Amino acid sequence: MSIFQHIRAVLRQKLEEVAPQQGWVLSEPLSTFTVESPRDPKHGDVATNIAMVSAKSIGQSPRFIATILTEALKSDTAITSAEVAGPGFINLRLSAHVWHEQLRTVLEQGVHYGDNPMGGGERINIEYVSANPTGPMHAGHVRGAVFGDALSNLMTKAGYKVTRRYYFNDVGTQVDVLARTVHLRYRETWGQSIGEIPAGLYPGDYLKPVAEMLKDRDGDKWLNKPESEWLKPIRDFAVAEMMQDIKNDLALIGIKHDVFTNEREIIENGTLDKVFKLLEDKGLIYTGTLPPPRGKEMEDWVPEPLILFRSSQFGDSSDRPLKKRDGHWSYIMPDMAYHYTMIEDGYRLMINVLGADHGGYLERMRPAIAALSDGKARLDALFCQMVKIFNNGELVKLSKRSGNIITLREMVDQVGPDSVRFTILTRDFATPFEFDFVKVKEQSRENPVFYIQYAHARCCSVLRQAKPMFSDTEISPKALMGQDLGPLVAEDEIALIRAFADWPKVVEAAAISREPHRVSFYLYDLASLFHALWNKGKDDGTLRFLIEGNKPLSLARLALVRGMMAVIASGLAVIGVTPVEEMR
RNA sequence: GACCCCGUAGCUCAGCUGGAUAGAGCAGUUGCCUUCUAAGCAACAGGUCGGAGGUUCGAAUCCUCUCGGGGUCGCCA
């Protein structure tokens, strides 16, 4: 049980004890009060607003209730002082012993410290990136990619069994355009003059290597053949190559998916037909004509009867066509089948990380999932807001059409993977993100991520110093757990342990709100406490971690250093950054 | 016509499900390396939290309205 849970239980118990004596009637069960470590250390180790929250139902002033409670609390052995403050807060100080036990817990659990059981081992699916294989990873993909990856780490830490999934469309217009462009580049490799890339095909040079590989594999086989013969084989080849490129690019920032699901397979293995039949059997499909969309000029709008899904029965603003006028499936049909495979597989929660430009997706897909799972499965979408790229204050217009893109590879080459990840993960995903290439490059050496890594490196440095000092003593975390931690009494030392105690709460809150950036800020604050402590040791020799001739104190402080390393490592694992042993 | 996101220091952003004097980094000013790595520390300066109402012990946070910026509203993906 964590310190906060313990205090919580004590508070509730004391209140229930005191209430009958005072003639208070507790009309509702108390659960909304908070128990937290206050920002201002003057406010004690732990603060609670229980008196203020319960004031109304009790019918007494918050300060009066708080005064009664503080008297009762003083009998608890973990609590050394309790006082009323401000409008009715109760500020508690806890015995050093409580904090020493907390540190032992950290040492015992290591990188698993902060793991939370809230997920209960439930399998969830997190889909992210999911760019179609028609071009390289670029700046626009990076945010969702890093966010999705960190969210997966976070949810794993919070006790979920996460499948990291990439879903891509390898059917339809886009991949046909890909194939045609590759064929053009292929002709180019044979010395044919192709001129400018025609409008409608993909510009940029990135398909040249693909064409070269095609030439190596197939020779001149497709040179003078009609499109009907080469379209399919070249498409399959190009899609496979592009997916490989994407995987390689993602690996540059440490991203690896567990499962790749593609549209073609879902169509070819009959899942799509099965889903269609299923909806038909449920009476959710009919033929009808939709009104033209609102608020948008539609020049080519032709009212025509189409096969529709009754999604308005499930909260959608309109029914949705499953087939286009030309008879092909509309994109939502394979997507519905894709989600059906996951429902069949037992997933009840699916999280999709999308760009803000996919705003309408959730409204369309949720009804289908409700229908296909009889309301048992749920899709959540997290919309990462747009990334605007600036170059020294000037907005860079990115467009795939003109071939003006900044690739993921360029970003990583110039800024480094850790800085890229950390910069993205110090923003709420819902906040529009301005990424100034020049500034981030300039600041890459002073990126806050190094501040955190530096704290870890300093810990390692202390350990290196300690080894010769204590050549006869084991200084592993497990061994240090058994040390007497009594010498840890300094205010700043206890403050650090207090911060350790916050970590599990940060994990939980971040997981509930799906906000991995909270982890970044927590780690930064933690590192700040450590650096301050370190520098105090420079001013005052008695505060150094290792004190020559005082082994009990040094070993106790080594335990603190080990604890720091464990929490930093535990947090950086969520961010996806490796803790370093030294800064170079 | 409807929906979503954002508006906090000169700049980039935090502010945990309503809490105590609104925070950090960068930029600016000033100190600190004979001592575990100065990629660090300490301090100064910088704000009508877009605006107006409301809810209550208490609002940057919740509600309504409003202004500004971005996104979406297709049989496109």
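These numbers were taken from a predicted model, which means no experiment stands behind them. In what follows, chains are A, B, ... by sequence order, proteins preceding strands, each numbered from 1.
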Geometric class of the A:Phe433/A:Phe435 ring pair [parallel <30°, tilted 30-60°, perpendicular >60°]: perpendicular
Using atom CG of A:Asp428 as one end and atom C1' of B:A60 as the other, report the distance to the nearest whole Å. 15 Å
When you get a sec, tell me which of B:U21, B:U12, B:C5 is the closest nucleotide to the side chain of A:Gln385? B:C5
So what does A:Ala455 hit on the nucleic acid, given a heavy-atom distance under 4.0 Å: a base, only sugar-phosphate, or nothing? nothing
What contact category does A:Asp326 fall into here, base, sugar-phosphate, or nothing, at under 4.0 angstrom with non-hydrogen atoms? nothing
If you take the centroid of each ring, where Trp contributes its six-membered ring, are A:Tyr524 and A:Tyr451 closer together than 6.0 Å? yes
Expressed as a whole number of angstroms, how long is the span from A:Phe309:CZ to B:G74:P? 17 Å
Rounded to whole Å, CD1 of A:Ile452 lies from P of B:G25 at a distance of 13 Å
Nearest-angstrom distance, P atom, B:C4 to B:U12: 26 Å
With sugar-phosphate meaning primed atoms plus P, OP1 and OP2, does A:Asn49 contact a base, only sugar-phosphate, or nothing at under 4.0 Å between heavy atoms? base
Does OP1 or OP2 of B:A38 have a side-chain N or O of A:Arg458 closer than 4.0 Å? yes
Do the non-hydrogen side-chain atoms of A:Arg8 and A:Phe33 ever get within less than 4.5 Å of each other? yes
How about A:Phe530 and A:Phe545: are their ring centroids closer than 6.0 Å? yes
Nearest heavy atom decides the nucleotide; on that basis, is A:Asp357 or A:Asn169 closer to the 5' end of RNA chain B? A:Asp357
Determine whether A:Met365 and A:Met350 satisfy the following criterion, side-chain contact (heavy atoms from CB on, under 4.5 Å), listing intermediate values before the conclusion. CA-CA 11 Å; A:Met365 207 44 63; A:Met350 295 167 269; over 6 Å; no
Answer yes or no for this row: A:His517 ring on B:A14 base, centroids under 5.5 Å, planes under 30°. no
Of the options B:A77, B:A14, B:C75, whose atoms approach the side-chain atoms of A:Arg325 most closely? B:C75
What parts of residues 520-527 of chain A reach RNA chain B, counting only heavy atoms under 4.0 Å away? A:Phe521, A:Tyr524
Across the strands shown, which category fits A:Ala510 at heavy-atom distances under 4.0 angstrom: base, sugar-phosphate, nothing? nothing
B:G10 and B:A2: how far apart are their C1' atoms, nearest whole angstrom? 38 Å
What does A:Glu363 touch in the nucleic acid at a heavy-atom separation under 4.0 angstrom: a base, only the sugar-phosphate, or nothing? nothing
For A:Tyr331 and B:C73, give me the distance from atom OH to atom C1', rounded to whole Å. 11 Å
Which part of the nucleic acid, if any, lies within contact of A:Asn91, taking any heavy atom under 4.0 Å across all strands shown: a base, the sugar-phosphate backbone alone, or nothing? base
Quantified in whole Å, what is the C1' atom distance between nucleotide B:A24 and nucleotide B:G15? 10 Å
What integer number of Å spans the C1' atoms of B:U55 and B:G23? 27 Å
Is A:Lys323 close enough and on-axis enough to A:Trp329, meaning under 6.0 Å and within 45°, for cation-pi? yes
Would one find a side-chain N or O of A:Thr173 under 4.0 angstrom from OP1 or OP2 of B:A77? yes
Inter-nucleotide P distance (B:G19, B:G53), Å rounded: 23 Å
Applying a 4.0 Å non-hydrogen cut-off, can you work out what A:Phe433 is touching in the nucleic acid: base, sugar-phosphate, or nothing? sugar-phosphate
Select base, sugar-phosphate, or nothing to describe what A:Gly541 touches, counting heavy atoms under 4.0 Å on all strands. nothing
Can you tell me, in whole Å, how much space there is between the P of B:G31 and that of B:G69? 45 Å
Taking only N and O in the side chain of A:Ser61, is any of them less than 4.0 Å away from OP1 or OP2 of B:C57? no
Between B:C16, B:G40, B:C36, which one does the side chain of A:His531 approach most closely? B:G40
A:Asp539 atom CG is separated from B:C36 atom P, nearest whole Å, by 13 Å
From B:G19, B:U21, B:C16, nucleotide with atom closest to A:Arg518 side chain: B:C16
With RNA chain B as reference, determine whether A:Glu508 or A:Ala430 sits nearer its 5' end, using the nearest nucleotide of each. A:Ala430
Find the distance A:Lys536:NZ to B:A42:P and express it as a whole number of Å. 8 Å
B:C4 glycosidic torsion: syn (within 90° of 0) vs anti: anti
A:Asp335 CG - B:A77 P separation (whole Å): 11 Å
Going by atom types alone, do A:Asp319 and A:Tyr286 pair a side-chain donor with an acceptor below 3.5 Å? yes
Flag if over 12 foreign heavy atoms under 6.0 Å of CD, A:Glu581: no
Establish, from distance only, whether the side-chain atoms of A:Asn91 and A:Glu83 form a donor-acceptor pair under 3.5 Å. no
Is there a side-chain contact between A:Lys538 and the phosphate of B:G40, meaning an N or O under 4.0 Å from OP1 or OP2? no
For B:A38 and A:Trp534 - does any side-chain N or O of the residue sit under 4.0 Å from the phosphate oxygens OP1/OP2? yes
Need one value for A:Tyr361: base, sugar-phosphate or nothing, where a base atom within 4.0 Å counts as base even if backbone is also close, heavy atoms only. nothing
Atom pair distance, as rounded to whole Å: CG in A:Asp540 and P in B:C36: 15 Å
Counting the atoms with a prime plus P, OP1 and OP2 as sugar-phosphate, which does A:Pro321 contact under 4.0 Å by heavy atoms, base, sugar-phosphate, or nothing? sugar-phosphate
Measure from the side-chain heavy atoms of A:Pro432 and tell me the nearest of B:A39, B:C5, B:C36. B:C5
Checking A:Leu546 against A:Leu558 for the side-chain contact (heavy atoms from CB on, under 4.5 Å) test, could you report, in this order, the C-alpha distance in whole Å, the side-chain angles of both residues, the deciding distance, and whether it holds? CA-CA 8 Å; A:Leu546 303 174; A:Leu558 273 176; 4.0 Å; yes
Please tell me which of the listed nucleotides, B:C13, B:C75, B:G70, lies nearest to the side chain of A:Glu434? B:C13
Below 30° counts as parallel, above 60° as perpendicular, anything between as tilted: where do the rings of A:Tyr338 and A:Tyr167 land? parallel
Distance check, C1' atoms only: B:U17 and B:C62, in whole angstrom units. 11 Å
Using only heavy-atom distances, determine whether the side chains of A:Arg320 and A:Ser330 contain a donor-acceptor pair under 3.5 Å. no
Examine the side chains of A:Lys505 and A:Ser37 and answer whether a donor and an acceptor come within less than 3.5 Å of each other. no
In whole Å, what separates the P atom of B:G71 from that of B:C26? 32 Å
Quick one: do A:Arg514 and A:Asp380 make a salt bridge, cutoff under 4.0 Å? yes
Counting Watson-Crick and G-U wobble pairs with both distances under 3.5 Å, what is the dot-bracket string for RNA chain B, 5' to 3', using [ ] for crossing pairs and | for pairs to another strand? (((((((..((((.....[...)))).(((((.......))))).....(((((..]....))))))))))))....
